[in-house]
Amino acid sequence: GNVLGSGNMILDKGSHGGNSVWLFPCTGPKEEDRGEPEGTQTEAQRAEEVERSLPGVSEALLQVDAEKSSGNIAFKKAEYESAVGHYQKGLVLVLQAPLAGKVLGNRLTVTLQCNLAATHLKQGMFSAAVGECARALQVDKSCVKALFRQAEAYRELGNYSKAVK
């Protein structure tokens, strides 16, 4: 099927034996691993849908996404201090109303913390990377990026027993 990536979504047209169109968040498992038929929503997806309709949420999401995107651009240019600033500003925005404590806010928090961890790894700030990953794992204990980056940081610190956990 045709797989098209756009921002935070993947659009997959008919690769699962039909003419269905599936939409998946890029931050989650790959589309072939999802196994969810069209129209089936998880509890988190339903909560996100409801949260998006709350007053002020769309505007807040745009602000956070702008900071995350600016951080990503700076990261790609190896402007790590600038990337850290953007990711941290995004985290501050997530912790404010209307996103605070919401499913959307939690997902964005984990993404930004994982991005900060990647930046700290590039800067050689391995203890800071461990801390960001630990905070991300408090929100989502199964976040593969946080687990992997934390293991990388522990390896760089020479703490091999924690790196393999």
TODO: For Glu49, look at atom CD and say whether over 12 heavy atoms of other residues, nucleotides or ligands are found less than 6.0 Å away.
DONE: no
Side chain to side chain contact (heavy atoms under 4.5 Å, CB included) filter on Ala74, not counting sequence neighbours, yields Glu79, Ser82, Ala83
Side chain to side chain contact (heavy atoms under 4.5 Å, CB included) filter on Asp140, not counting sequence neighbours, yields Val110, Ser142, Cys143
Qualifying ring-ring contact (aromatic ring centres under 6.0 Å, His included) pairs, either residue in [range], two or more places apart:
range            : result
residues 48-99   : Phe75-Tyr80
residues 94-128  : none
residues 135-165 : none

Between Cys133 and Ala117 the two heavy atoms that sit nearest each other are SG-CB, 3.5 Å
Straight-line distance of [X] [atom1] to [Y] [atom2], nearest 0.5 Å:
X      : Y      : atom1 : atom2 : result
Leu99  : Leu93  : CG    : CG    : 8.5 Å
Asn115 : Arg149 : CG    : CZ    : 6.5 Å
Gln88  : Gln113 : CD    : CD    : 10.5 Å
Leu104 : Ser58  : CG    : OG    : 9.5 Å
Lys102 : Thr109 : NZ    : OG1   : 12.5 Å

query = In terms of hydrophobic clustering (I, L, V, M, F, W, Y; side-chain heavy atoms under 4.5 Å; direct or indirect links), are Leu112 and Leu95 co-clustered?
reply = no
Sorted by chain and number, sequence neighbours left out, side chain to side chain donor-acceptor pair (under 3.5 Å) with Glu81 holds for Gln123
With sequence neighbours left out, the residues meeting side chain to side chain donor-acceptor pair (under 3.5 Å) with Glu152 are none
Under the side-chain contact (heavy atoms from CB on, under 4.5 Å) criterion, do Lys68 and Asp65 qualify, and how do the steps go? CA-CA 5 Å; Lys68 182 177 70 109; Asp65 193 52; 3.4 Å; yes
Those residues at least two apart in sequence (or on a different chain) that pass salt bridge (charged side-chain N to carboxylate O under 4.0 Å, His left out) with Glu67 are Lys89
Between Val57 and Leu61, does a side-chain contact (heavy atoms from CB on, under 4.5 Å) hold up when you go through it step by step?
CA-CA 6 Å; Val57 169; Leu61 286 173; 3.9 Å; yes
Note: with side-chain heavy atoms under 4.5 Å as the link, the other cluster members for Leu137 come out as Leu147
Residue pairs meeting salt bridge (Lys or Arg N to Asp or Glu O under 4.0 Å), one or both in residues 124-134, sequence neighbours left out, come to Glu132-Arg135
